[in-house]
Amino acid sequence: MYILEIMSGPLDGKTWTFENEITIGRDDRVATACITIDRYVSRKHARLWESDGKLRIEDLASRNGTRLGGKPVNGNTDLELGEPFTVGRTMLRVTKA
């Protein structure tokens with residue numbers, strides 16, 4: 001089990017738990033991790049999932065992109081536990097529960 005945690009902004013400290021996959025976005029009808037307060041987060045912004053014991057991240061054609069290590073996420077990208085990434089203007093990280 002994983003924990004997705006917001007690391008900056010008004011929702012600092014907010015968390016969601018997930019087993020294998022979670023979608024991040026601004027619309028709770030399509031995103032499990034809903035960040036309504038950041039207007040730069042798209043309705044359905046990014047997806048995290050586990051594959052072969054590795055955590056992966058993918059931008060879902062969001063308007064403002066997903067950034068990892070200061071670079072845009074293009075396609076499926078490996079994500080290390082605890083490594084910060086940004087959706088819109090919100091910084092997040094994933095840790096083990």
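Sequence positions, counted from 1, serve as the residue numbers for this chain.
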- d(S42 OG, I35 CD1) to nearest 0.5 Å is 11.0 Å
- For P10, enumerate each residue passing the side chain to side chain contact (heavy atoms under 4.5 Å, CB included) test, keeping only those at least two apart in sequence or located in another chain. I37
- Message: Has H45 got a side-chain atom pairing as donor or acceptor with V87's backbone, closer than 3.5 angstrom?
- Response: no
- Measuring from E19:CD to T17:OG1, what's the distance to the nearest 0.5 Å? 8.0 Å
- Message: Give me the atom names and distance for the closest heavy-atom approach of E21 to R47.
- Response: OE2-CD, 3.1 Å
- Message: Just verifying a value: how many Å separate D59 CG and T66 OG1, rounded to the nearest 0.5 Å?
- Response: 3.5 Å
- Query: Is any side-chain heavy atom of L11 less than 4.5 Å from a side-chain heavy atom of T90?
  - Reply: no
- Item | Donor-acceptor contact present, side-chain R26 to main-chain V41, <3.5 Å | yes
- Message: Taking side chain to side chain donor-acceptor pair (under 3.5 Å) as the cut-off, I'd like each qualifying pair that reaches into residues 68-89, sequence neighbours left out, listed once.
- Response: Y40-R89, R56-D78
- Item | Residues which pass salt bridge (Lys or Arg N to Asp or Glu O under 4.0 Å) with D12, listed by chain and number, not counting sequence neighbours | none
- Note on the structure: Rounded to the nearest 0.5 angstrom, the CG-OG distance for D38 and S8 is 8.5 Å
- Query: Excluding sequence neighbours, so at least two apart, what forms salt bridge (Lys or Arg N to Asp or Glu O under 4.0 Å) with R29?
  - Reply: D27
- List for me each residue that meets side-chain hydrogen bond (donor to acceptor under 3.5 Å, both in side chains) alongside T23, sequence neighbours excluded, and say none if there are none. none
- Query: Linking Ile, Leu, Val, Met, Phe, Trp and Tyr through side-chain heavy atoms less than 4.5 Å apart, which residues share a cluster with M7?
  - Reply: M91
- Shared-cluster residues of V30, by chain and number - hydrophobic side chains joined below 4.5 Å: none
- Message: List the residues meeting side-chain hydrogen bond (donor to acceptor under 3.5 Å, both in side chains) with R63, not counting sequence neighbours, and say none if there are none.
- Response: none
- Atom pair CD (E58) and CG (L48), whose distance is rounded to the nearest 0.5 Å: 10.0 Å
- Can you see which heavy atom on L4 is nearest to which on A33, and at what distance? CD2-CB, 3.7 Å
- Message: List the residues meeting side chain to side chain contact (heavy atoms under 4.5 Å, CB included) with K96, not counting sequence neighbours, and say none if there are none.
- Response: Y2, L81
- Residues passing the side chain to side chain contact (heavy atoms under 4.5 Å, CB included) test with T32, sequence neighbours excluded, are I22
- Item | All salt bridge (Lys or Arg N to Asp or Glu O under 4.0 Å) counterparts of R67, not counting sequence neighbours | none
- Message: Strictly distance-based, threshold 3.5 Å: is any side-chain N or O of S51 a donor or acceptor partner for the main-chain N or O of K54?
- Response: no
- Item | Non-hydrogen side-chain atoms of I3 and V94 separated by less than 4.5 Å | no
- Item | Joint cluster assignment, W49 & L60, ILVMFWY side-chain distance < 4.5 Å | no
- Task: Could you pull out the closest heavy-atom pair between A31 and G25, with the gap in Å?
- Result: CB-N, 3.3 Å
- Task: Under the side chain to side chain contact (heavy atoms under 4.5 Å, CB included) rule, collect the residues that match up with D28, sequence neighbours excluded.
- Result: C34
